[in-house]
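Structure first, commentary second.
Everything quoted here is computed from the prediction, not taken from an experiment. Just follow the structure's listing: the first ligand is 1, and inside any ligand the first atom is 1.
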Amino acid sequence: MSIGPKTSYVVRGGQPLQGTVFVQGAKNAALKMIAASLLAEKGRTVLRNVPVIEDVRRAVELAQAVGAVVKFHEAERTLVVDASELTSSVLPAEIARKFRASVVFVPALLHRLGEATIEGIGGCNLGSRNLDFHYRGFARLGCTVDEGDTTIHIKADRIRGAHLYLDTPSHTGTENLIMAAALAPGTTVIDNTAMEPEVLDVIDFLAKMGAQISGGGTGFVTVEGVEELTAVEHTVMPDRIDAAVFAMAAAITGGELSLVGASLDHFGVVRWKLEQMGVEFSTHGAILQVRRERQLRPINLITSPFPGFATDLQSPIMALSSLADGTSYIRETIFDGRYMLAGELTKMGAKVEVAGNAALVHGPSVLKGTDVIAHDLRTGIALILAGLAAEGETVVSPGYLIDRGHASIAARLNTLGADISVEMVR
Ligand code: EPU
């Protein structure tokens, strides 16, 4: 797997951000759509508004590894996939080990080649992140699942519709089981499905391809298996996490930004929590304006599935709350291991106490730039936000983890008045 040069982001803070920012396409929809496009035996799929990020490049590499012809026209943010000849059912370790979303390629391999092998499973460093809902679901659909120490082999011996359930409304689990059911003969019912906007966009994409799916957004999805899916064109929805990060960039610097491609409907509880902190939103036609003038207020929040507070924004809001006037209370309920930011923010002068799955952030702190570690994508972007508000220079490494999920982050922030450069690791 190529991870590019070892880089750091060097942030010189202090400027309130002003201007217009273009929200990227949604990572967590695009990755599943790339995999879903391999379900089409004929024709070419065209995906538009695909974010130019490292995780998309990994998904392209995986699609190519199994034989799809994929061209990512990065300047046009458009991906063209021709999956008419798949040649390998193996998702190779060097990519799959570091890219947990590799599992979303399994349904296409099962339907097209009758089997799938994942040589390793990885992803961001987020504590225990099992994939048992996926494998149990494949088994209930009639597949044989052999789990080895490092390799998982799945065979689609008698794949057919079944009644499935998810213990918790898993985002990728919902999408993956819908993809597996789309071409399975008979009816599949999935109880306790995720309602994230990206899940609905993936359902829209599959429906355009010819899948018969009902109940998206209700928590109970029914899929009637069809005989084939066709290649179509689709525009990926905007990335609500990228949008909210820019909203927080306006908030943490006391600036004002116009977001193109952001929808408050996709923010769920995030909107209300930011408003409680003193962030002001106003919608002007298709533009979402965000500004913060007053002293930030502290916040209480619990992460939960959509429309609850998104776990992917828990680190960014922890950085923001370090500037709030009082103590904020944050509880993480989706992923353990998502408080790695606390130690890094403390190095910058924040006062964060972690006890189990709760964190107390005592503000307001005066943040000071220093060398900090991006333990995963979301802590990385949170440290960039902290750096924007800090005195002096904040060096965030490794830059690669931020590039996994945010396109051209330094360039987009610099057009708004930030001072960020990309440097080789010092
Ligand atoms: N879980 C299981 N077994 C499973 C699946 C999930 O125990 O088979 C647990 C997880 O350990 C976690 C919870 O269920 O505690 C929820 O996990 P979920 O399956 O919903 O997460 P995911 O689908 O693997 C996606 C995003 C994440 C995002 C979460 C929650 C993609 C590729 N990833 O992960 O995005 O945090 O949903 O919204 O869609 C990110 O973008 O930085 C990121 C980590």
[X] and [Y]: side-chain donor and acceptor closer than 3.5 Å?
X	Y	result
Asp146	Tyr135	no
Asn176	His134	yes
Asp204	His234	no

Is the closest side-chain heavy-atom distance between [X] and [Y] below 4.5 Å?
X	Y	value
Glu196	Pro305	yes
Lys351	Thr346	no
Thr7	Val425	no

As an exercise, identify every atom of ligand 1 less than 4.0 angstrom from a heavy atom of [X].
X	result
Thr168	14 (O)
Leu131	4 (C), 8 (O)
His134	8 (O)
Leu377	42 (O)
Arg378	40 (C), 41 (O), 42 (O)

Task: Close approach, Glu198 and ligand 1, non-hydrogen under 4.0 angstrom - done: no

Open item on the list: Less than 4.0 Å is my threshold; does some heavy atom of Arg404 fall inside it relative to ligand 1?
Closed with: no

- [ ] Applying salt bridge (charged side-chain N to carboxylate O under 4.0 Å, His left out), name anything that partners Glu332, two or more places apart in sequence or on another chain.
- [x]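 Here no residue qualifies.
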
- [ ] First locate atom NZ of Lys27, then atom CD1 of Ile53, and finally report the distance between them rounded to the nearest 0.5 Å.
- [x] 6.0 Å

TODO: May I ask you to check whether Lys27 has an N/O atom sitting below 3.5 Å from an N/O atom of ligand 1?
DONE: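 In this structure, Lys27 places an N or O atom under 3.5 Å from an N or O of ligand 1.
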
- [ ] Flag Thr311 as yes when one of its N or O atoms lies below 3.5 Å from any N or O atom of ligand 1, and as no otherwise.
- [x]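 N/O-N/O distance below 3.5 Å does not exist for this pair.
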
Measure from [atom] to every heavy atom in [options] and give the option owning the shortest one.
atom	options	value
atom 29 (C) of ligand 1	Phe335, Tyr135, Phe133	Phe335
atom 34 (O) of ligand 1	Ile381, Thr333, Thr172	Thr172
atom 20 (O) of ligand 1	Arg136, His171, Arg338, Arg100	His171

Task: Residue part near ligand 1, for Asp132, under 4.0 Å between non-hydrogen atoms - done: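 It is both parts that get close, each with some atom under 4.0 Å.
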
Task: Side chain, backbone, both or neither: Ile334 near ligand 1, heavy atoms under 4.0 Å - done: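 Both the backbone and the side chain of Ile334 come within reach of ligand 1.
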
Task: Audit row: Asp239, His406, side-chain hydrogen bond (donor to acceptor under 3.5 Å, both in side chains) steps and yes/no - done: CA-CA 10 Å; Asp239 193 310; His406 290 282; over 6 Å; no

